[in-house]
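Here's the structure we're looking at; comments come further down.
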Amino acid sequence: MNNAALRHWKQQQRARLRELRQQVPVTQRMLWSDAITAVLTQGFPFLENQRIGFYWPHQGEYDPIPAMTFLRTRGATLALPEVISKDEPLRFIEWWPEAPMKKDIYGIPFPDNTRGITVDSIIIPLLGFDEQGYRLGYGSGYFDRTLAAMSPRPLAIGVAFEILRLPTIHPQQHDIPMDYIVTEQSILHRTDTGLVPLTTPIVQSETA
């Protein structure tokens with residue numbers, strides 16, 4: 001597939017998956033989000049001691065706010081991304097439930113002038129994902145640029161509903177796979193041979 005054909009294919013998939021997600025009844029999305037929150041908070045106990053980058057949900061994405069609230073009560077330091085410019089990595093700044101908020105150029109809320117945080121892990125929304133752990137995003141490349149720019153690289157945990165799984169996204173050189181993907185059904189660990197479901201909680205030593 002040449003570059004023009006790949007861009008067209010990804011545009012089609014983004015539109016299809018966005019519509020598919022929006023068509024899920026709100027009550028069903030809430031049940032799936034609750035299940036992801038349970039898997040995320042129970043399956044990664046070490047997150048309670050970390051600085052974690054999250055995101056503010058929109059367009060029917062998994063809602064991570066309950067997980068954020070839970071992890072903060074357990075000692076985690078939380079941050080949300082700030083868009084600096086369209087060509088720069090995201091900047092993570094501290095969030096707490098009463099933090100002052102404003103909206104970015106996309107209309108997504110983020111903390112207003114709180115301190116910058118160097119995160120240990122990032123919870124990343126997936127518009128789609130494939131069997132090798134690669135993410136289909138909205139096309140702006142923010143998370144790929146951010147992961148590529150951070151040293152040491154934080155743990156990348158993607159979150160998505162199972163209906164958004166694809167055989168492949170036809171990853172390119174700039175695409176960075178997730179370390180783990182959490183759905184309403186399971187934790188999926190990326191290995192050299194593809195995604196593998198896990199049945200036990202992840203201890204921190206396994207993420208190194």
Side-chain angles (χ1 to χ4, degrees), residues 1-24 28-29 32-33 36 53-64 80-92 103-110 119 121-197:
M1 190 182 299
N2 63 35
N3 288 340
L6 180 59
R7 283 195 300 271
H8 180 67
W9 180 85
K10 286 191 173 183
Q11 288 174 350
Q12 288 183 315
Q13 293 304 310
R14 288 185 181 106
R16 183 182 69 84
L17 293 174
R18 188 182 285 110
E19 182 178 358
L20 179 63
R21 190 173 63 191
Q22 292 280 30
Q23 287 176 348
V24 177
Q28 184 64 66
R29 282 207 307 266
W32 287 349
S33 283
I36 291 176
F54 272 90
Y55 65 93
W56 200 263
H58 75 301
Q59 295 186 348
E61 291 172 334
Y62 158 66
D63 181 358
L80 290 174
E82 177 184 9
V83 175
I84 305 300
S85 78
K86 289 187 175 182
D87 298 317
E88 291 188 45
L90 298 165
R91 173 176 177 256
F92 282 92
K103 293 185 177 181
D104 65 16
I105 58 175
Y106 301 102
I108 301 171
F110 70 100
V119 296
S121 299
I122 305 179
I123 311 302
I124 300 176
L126 314 177
L127 180 54
F129 67 97
D130 71 10
E131 298 292 349
Q132 297 299 315
Y134 285 94
R135 167 184 183 265
L136 183 67
Y138 292 98
S140 298
Y142 286 116
F143 281 105
D144 285 328
R145 279 196 299 278
T146 302
L147 291 172
M150 299 178 83
S151 181
R153 209 195 90 175
L155 187 74
I157 304 174
V159 286
F161 304 133
E162 276 284 346
I163 60 170
L164 305 176
R165 190 193 292 231
L166 299 167
T168 182
I169 69 156
H170 303 286
Q172 304 299 292
Q173 188 172 2
H174 65 271
D175 288 312
I176 296 178
M178 302 293 96
D179 298 302
Y180 295 92
I181 292 174
V182 176
T183 76
E184 72 276 13
Q185 296 181 10
S186 63
I187 297 172
L188 303 166
H189 180 213
R190 182 180 182 271
T191 70
D192 291 340
T193 58
L195 295 177
V196 176

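Around CD of Gln23, the count of heavy atoms belonging to other residues, nucleotides or ligands within 6.0 Å exceeds 12. In this structure, His8 places its NE2 atom where only 12 or fewer heavy-atom neighbours from other residues, nucleotides or ligands lie under 6.0 Å away.
Side-chain atoms of Leu188 and Met178, non-hydrogen and from C-beta on, never get closer than 4.5 Å to each other. Annotation: side chain of Tyr62 is not in contact with side chain of Val182 (no heavy-atom distance under 4.5 Å). Looking at Leu136 and Leu166, their side chains come closer than 4.5 Å, going by heavy atoms from C-beta outward.
Rounding to the nearest 0.5 Å gives a distance of 10.0 Å between CG of Leu6 and CD of Gln11. If you take CD on Gln185 and CD1 on Ile36, they are separated by 10.0 Å, rounding to the nearest 0.5 Å. Annotation: the span from Ile108 atom CD1 to Glu82 atom CD amounts to 13.0 Å, rounded to 0.5 Å. Separation of atoms CD1 (Ile169) and CD (Gln13) is listed at 10.5 Å; rounding is to 0.5 Å.
The two atoms that bring Leu90 and Phe143 nearest to each other are CD1-CE2, 3.9 Å, heavy atoms only. Ile123 and Tyr55 make their closest contact through O-CD2, 3.4 Å (heavy atoms, listed as atom of the first residue, atom of the second, distance). Considering every non-hydrogen atom in both Gly137 and Leu127, the closest pair reads O-CD2, 3.7 Å. Of all non-hydrogen atoms in Gly133 and Leu195, the two that sit nearest each other are CA-CD2, 3.6 Å. In terms of heavy-atom proximity, Ile176 sits nearest to Ala148 at CD1-N, 3.6 Å. Among all heavy-atom pairs drawn from Pro109 and Trp56, the shortest one is CD-CD1, 3.4 Å.
The side chain to side chain contact (heavy atoms under 4.5 Å, CB included) check on Pro89 picks up Thr146, Ala149, with sequence neighbours excluded. Residues satisfying the ring pair (Phe, Tyr, Trp, His ring centres under 6.0 Å) test with Phe161, not counting sequence neighbours, are Trp32. With sequence neighbours excluded, the residues forming a side chain to side chain contact (heavy atoms under 4.5 Å, CB included) with Thr191 are His189, Thr193, Val196, listed by chain and number. With sequence neighbours left out, Thr168 forms a side-chain hydrogen bond (donor to acceptor under 3.5 Å, both in side chains) with no residue at all. In this view, Asp130 satisfies the side-chain hydrogen bond (donor to acceptor under 3.5 Å, both in side chains) rule with no residue, not counting sequence neighbours. Taking the salt bridge (Lys or Arg N to Asp or Glu O under 4.0 Å) definition, one finds that Glu162 meets it with Arg165, sequence neighbours left out. Not counting sequence neighbours, the partners of Ala4 by the side chain to side chain contact (heavy atoms under 4.5 Å, CB included) test are Asn2, Arg7. Take Glu61 and apply the salt bridge (Lys or Arg N to Asp or Glu O under 4.0 Å) test, not counting sequence neighbours, and it matches no residue. Taking the side chain to side chain contact (heavy atoms under 4.5 Å, CB included) definition, one finds that Pro154 meets it with Val119, Ile122, Leu147, Met150, sequence neighbours left out. For Arg14, there are no salt bridge (Lys or Arg N to Asp or Glu O under 4.0 Å) partners at least two apart in sequence or on another chain. For Asp104, there are no salt bridge (Lys or Arg N to Asp or Glu O under 4.0 Å) partners, not counting sequence neighbours.
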Exercise. Going through the distances and angles, do Leu164 and Leu126 end up as a side chain to side chain contact (heavy atoms under 4.5 Å, CB included)?
Worked result: CA-CA 8 Å; Leu164 305 176; Leu126 314 177; over 6 Å; no
Problem set entry | side chain to side chain contact (heavy atoms under 4.5 Å, CB included) between Tyr180 and Leu155, intermediate numbers included | CA-CA 8 Å; Tyr180 295 92; Leu155 187 74; 4.1 Å; yes
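Distance alone, capped at 3.5 Å, places no donor-acceptor pair between the Ser140 side chain and the Tyr142 backbone. Using modelled atom types, one side-chain atom of Arg145 and one backbone atom of Lys86 make a donor-acceptor pair closer than 3.5 Å. At distances below 3.5 Å, at least one donor-acceptor pair connects side-chain atoms of Arg29 with backbone N or O atoms of Arg21.
Classified by interplanar angle (parallel below 30°, tilted 30° to 60°, perpendicular above 60°), the ring pair Tyr138/His58 is tilted.
Applying the salt bridge (charged side-chain N to carboxylate O under 4.0 Å, His left out) definition to pairs two or more places apart or across chains, those involving residues 173-196 are Lys10-Asp175, Arg153-Asp179.
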